[in-house]
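Order of the sequence lines sets the chain letters (A, B, ...), proteins ahead of strands, with each chain counted from 1.
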Amino acid sequence: MTENLVIVESPAKAKTIEKFLGKEFTVVSSFGHIRDLSKNKLGIEIEKGFKPVYEVPADKQKVVNELRKLASGAKTVWIASDEDREGEAIAWHLIAVLGLDPSVTRRIVFHEITKEAITRAVELPRQVDMNLVNAQQARRVLDRLVGFEISPVLWKKVQPSLSAGRVQSVAVRLLVDREREIIGFVSDSAFKLSGLFMGTNKEGKNVTLKAECAKKFPGEHEAKTFLDTCSSSAFSVENISVKPGTRSPAPPFTTSTLQQEAYRKLGFSVAQTMSVAQKLYEAGKITYMRTDSTNLSSLALNTAREVITTEYGSKYSRTRQFKTHSKGAQEAHEAIRPTYFDKKDVAGSNNEKKLYELIWRRAIASQMTDAELEKTTITIGMSNSEVTFTAAGEVVLFDGFLRVYSESTDTINSDDEKTILPRVTREMPLIPETITATQRFTSPPPRYTEASLVKKLEELGIGRPSTYAPIISTIQSRGYVAREDRPGEKRDIIQLTLAKSKISRTVKSEVAGKEKSKLFPKDIGIIVNDFLTSNFPDILDYNFTADVEKEFDEIAAGKVEWGKMISEFYMPFHKSVDVSLAIRERMTGARSLGNDPVSGLPVMVKMSKYGPVVQLGEANPDKKPRFANLRRDQLMETITLQEALTLFELPRTIGSFEDSELIVGVGKFGPYVKHSGKFYSLKRGVDDPYTITEERGIELITEKREGEKMKVINDYGDIQVLNGRYGPYITMNKNNYRIPKGSDPQKLTKEDCLSIIEKSGPKKTTKRTKKK
DNA sequence: CAGTGAGCGAGCTTCCGCTTGACTT
């Protein structure tokens with residue numbers, strides 16, 4: 001039996017700490033919270049002052065049993081959960097569940113996993129801070145009340161299985177509000193001018209300068225008039241301004257900034273980033289990946305300095321400590337950094353290598369000197385106009401941290417290219433080689449990506465590092481939003497070019513509104529959002545979380561009693577729940593679109609049991625109305641009568657093949673061609689169900705038949721050797737079996753297959769995973 | 001694998017924040 005039992009939250013942390021503490025200490029982990037409000041019931045006794053009813057979840061029972069056993073055999077139990085609201089609550093629950101004596105149990109905390117920090121913590125044990133625990137209980141109870149009282153309203157008034165919550169509902173609101181800004185956006189255009197100027201400088205060298213006109217022109221006529229002015233003007237260098245500048249490195253990663261940069265630089269989804277980071281953490285290669293702190297331990301600062309000095313020289317080293325300024329940060333951990341700065345790369349999967357390198361670069365760069373720049377602006381003047389052209393250039397005089405890292409931005413702006421400018425002098429004459437006026441359209445505000453939504457949530461203080469990825473996944477799995485692409489639309493842009501005193505006009509085309517992997521609100525998300533914003537405006541307010549956080553802080557400071565705070569919140573809240581329950585009709589978002597000009601029947605759009613539909617005709621006893629599903633890229637809010645009518649054109653017959661009809665339709669899995677009972681999917685981005693021809697339909701059928709031939713390696717009747725997504729495999733009775741390494745799938749006989757099947761042991765009955 | 005769209009009613013769904021494994025022929 002052990003003298004000292006130390007309980008931390010994470011098993012990887014336990015492993016590290018055990019090394020620092022030596023033989024008399026056994027370090028184990030609670031794997032996070034061990035107790036929570038009951039899973040299926042409200043778990044709050046409202047009439048008893050909001051008394052929480054806690055229970056140990058089934059999947060935590062095993063951990064709890066083990067901890068109990070270890071604790072009863074230990075002389076002293078040390079609880080080293082994180083020093084934040086949740087960590088303090090974990091400590092309190094541990095004491096209660098393990099039946100520990102609070103007066104002898106030692107609560108210790110450290111913010112970094114270094115030998116000094118831990119030994120110092122052991123010397124300064126304290127007791128559990130009940131004020132902090134109460135702040136957590138208030139947080140927990142409030143979230144449960146909001147989630148478990150509003151969600152059932154949605155089941156009754158909108159659709160079953162939907163959900164609402166303090167965090168997810170505001171996340172959806174951000175997307176809906178943004179979508180409406182985009183819908184209401186009216187694009188404007190103006191002409192921007194740029195010129196290519198030539199001249200000879202003092203050294204007798206020919207130079208060229210690319211410069212942008214400082215003035216924009218609202219229309220083609222104005223642009224042309226100005227180009228006429230240009231053609232009769234003399235140009236010269238009017239002014240040269242050289243300004244020094246510096247650029248400083250970004251702080252080391254927190255969860256949110258890691259998710260953003262891994263998305264921008266590596267194309268990782270937020271869930272992917274977290275799972276790769278988890279691997280690196282478990283392998284001891286990086287510090288904890290769920291953190292809101294930009295703080296680095298003094299050990300980290302020192303080793304970073306050493307590595308930078310040996311690798312790049314001391315003039316590249318500058319030790320910095322960054323202040324965390326995100327709302328509601330609790331700073332229980334360090335920033336995300338490599339455990340060992342001297343390891344520039346790691347073994348592991350490609351993704352692990354890439355993410356590790358990103359973390360290494362960002363952390364190292366944060367400890368390096370500023371980059372020194374020289375920004376040059378050359379102003380070009382005209383003899384017959386006040387309008388000027390400017391050429392901007394930037395030269396890096398000293399690269400500093402830029403040597404290892406440069407941060408990416410969300411907006412790609414090609415006009416922003418910084419170049420080195422040639423040497424010129426004031427009043428030097430310039431001749432315009434070409435001056436081009438290009439029509440430029442303004443863009444609506446951008447749609448959110450997973451990563452930019454996380455950034456916005458963090459700015460609003462909504463959600464925590466451990467929940468950003470789950471929030472993104474929840475709002476998608478409820479069907480409120482979806483990550484989608486859009487091909488965009490071509491539009492014409494006018495370009496006027498002045499060259500050799502002549503103006504020519506060309507019409508070019510550009511693609512506008514192209515989207516890749518963006519979050520789009522879906523109809524059900526919009527309906528739920530509108531219902532919630534009108535019935536629960538306080539909770540849907542962007543500042544709701546920040547406001548209640550202030551109250552939680554008051555509780556943590558011992559100034560407010562938590563039951564009182566919850567009670568004050570609950571009274572008006574519960575009244576809103578009752579009011580919303582009293583609404584009679586279901587929210588279907590129904591909207592009339594007009595009448596079908598052919599039949600005269602009314603056309604409407606609404607949310608049906610199975611998704612958004614357009615409906616032709618009223619429901620009456622003699623005749624059922626016709627229904628058609630909306631396409632994935634259509635919204636109930638914006639669909640037009642014309643678009644609705646088009647949807648009724650499917651399914652349609654496009655011809656015949658082998659004496660059977662070819663019917664095109666759109667089903668559960670997208671557009672298809674149906675032929676003698678079999679379905680053939682249309683190619684996304686290639687085929688369009690409204691225009692596809694008989695010829696192309698037949699092509700799809702023959703292509704699929706070819707593919708199926710390739711799929712079968714060997715066919716022994718009830719046993720087949722097939723080519724699958726993960727390589728060759730054996731299939732029998734709808735069960736699949738892996739082919740052992742080293743055997744050639746081409747040469748497997750039926751007997752070989754049977755022995756492989758036998759060896760692989762009994763198969764579980766195929767589990768049907770629940771949809772959604 | 002390629003439907004459905006009404007209404008009845010039983011029984012289920014649901015929150016946020018801590019943590020890691022399951023699972024992938």
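Distances were taken from every side-chain heavy atom of A/Phe148 (C-beta onward) to each of B/dT14, B/dG17, B/dT4; the shortest belongs to B/dT14. For A/Phe31, whose side chain is taken as the heavy atoms from C-beta onward, the closest listed nucleotide among B/dT20, B/dC16, B/dC1 is B/dT20. The listed nucleotides are B/dT14, B/dC16, B/dT19; the one nearest the side chain of A/Ser151 is B/dT14. Here the side chain of A/Ser681 is nearest to one of B/dA2, B/dT14, B/dG17, namely B/dA2.
In this structure, A/Arg586 atom CZ and B/dC8 atom P are separated by 11 Å, rounded to whole Å. Rounded to whole Å, the distance from CE on A/Met289 to P on B/dT19 is 7 Å. As a whole-Å value, the separation of A/Leu142 CG from B/dC15 C1' is 10 Å. The nearest whole Å value for the distance from the CZ atom in A/Arg166 to the P atom in B/dC15 is 13 Å. Rounded to a whole Å, the CD1 atom of A/Ile472 is 13 Å from the P atom of B/dG17. In this structure, the CD atom of A/Gln159 is 15 Å from the C1' atom of B/dC12, given to the nearest Å. Rounded to an integer number of Å, the gap from A/Ile150 CD1 to B/dT14 P is 16 Å. When the P atom of B/dT14 is taken as reference, atom CG of A/Asp143 falls 16 Å away, rounded to whole Å.
Contact annotation for A/Gly667: base contact, defined as any heavy-atom pair under 4.0 Å involving a base atom. Using a 4.0 Å heavy-atom distance criterion, A/Ile34 is classed as making no nucleic acid contact. Within 4.0 Å (heavy atoms only), A/Tyr288 reaches sugar-phosphate atoms of the nucleic acid but no base atom. At the heavy-atom level, A/Tyr281 lies under 4.0 Å from the strands shown only through sugar-phosphate atoms. Using a 4.0 Å heavy-atom cutoff across all strands shown, A/Val613 reaches at least one base atom of the nucleic acid. Contact annotation for A/Pro11: backbone-only contact, meaning every heavy-atom pair under 4.0 Å involves sugar-phosphate atoms and none involves a base. Within the nucleic acid shown, A/Ser10 comes within 4.0 Å of sugar-phosphate atoms alone, with no base atom in reach, counting heavy atoms only. Across all strands, A/Arg144 comes closer than 4.0 Å to base atoms (heavy-atom distances). Using a 4.0 Å heavy-atom criterion, one finds that A/Gln278 contacts the sugar-phosphate atoms exclusively.
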Self-check item: Dot-bracket encoding of pairs in DNA chain B, which uses [ ] for pseudoknotted crossings and | for another strand, Watson-Crick or G-U under 3.5 angstrom
Solution: .........................

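Donor-acceptor pairing under 3.5 Å, judged by distance alone, is present between the side chain of A/Arg140 and the base of B/dC15. Counting atom types as modelled, A/Arg290 pairs no side-chain N or O with a base atom of B/dC18 as donor and acceptor under 3.5 Å.
With no hydrogens or angles considered, no side-chain donor-acceptor pair links A/Thr533 and A/Arg173 at under 3.5 Å. Donor-acceptor pairing under 3.5 Å is lacking for the side chains of A/Glu459 and A/Tyr542. Using modelled atom types, one finds a donor on one side chain and an acceptor on the other under 3.5 Å when comparing A/Tyr281 with A/Ser10. Inspection of the A/Tyr288 and A/Glu9 side chains reveals no N or O donor paired with an N or O acceptor under 3.5 Å.
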Practice problem: Check the pair A/Asn714 / A/Gln720 against side chain to side chain contact (heavy atoms under 4.5 Å, CB included), numbers first and verdict last. | Solution: CA-CA 6 Å; A/Asn714 263 316; A/Gln720 291 179 308; over 6 Å; no

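Taking only side-chain nitrogens and oxygens, A/Ser163 comes nearer than 4.0 Å to OP1 or OP2 of B/dC15.
Under the side chain to side chain contact (heavy atoms under 4.5 Å, CB included) test applied with A/Gln259, the options A/Val454, A/Thr254, A/Leu453 reduce to a single match, A/Val454.
Surrounding NZ of A/Lys157 are more than 12 heavy atoms belonging to other residues, nucleotides or ligands, all under 6.0 Å away.
A search for ring pair (Phe, Tyr, Trp, His ring centres under 6.0 Å) contacts involving A/Tyr672 returns A/Phe679, not counting sequence neighbours.
The stacking criteria are not both satisfied for A/Phe627 over the base of B/dT4, which would need a centre-to-centre distance under 5.5 angstrom and an angle between ring planes under 30 degrees.
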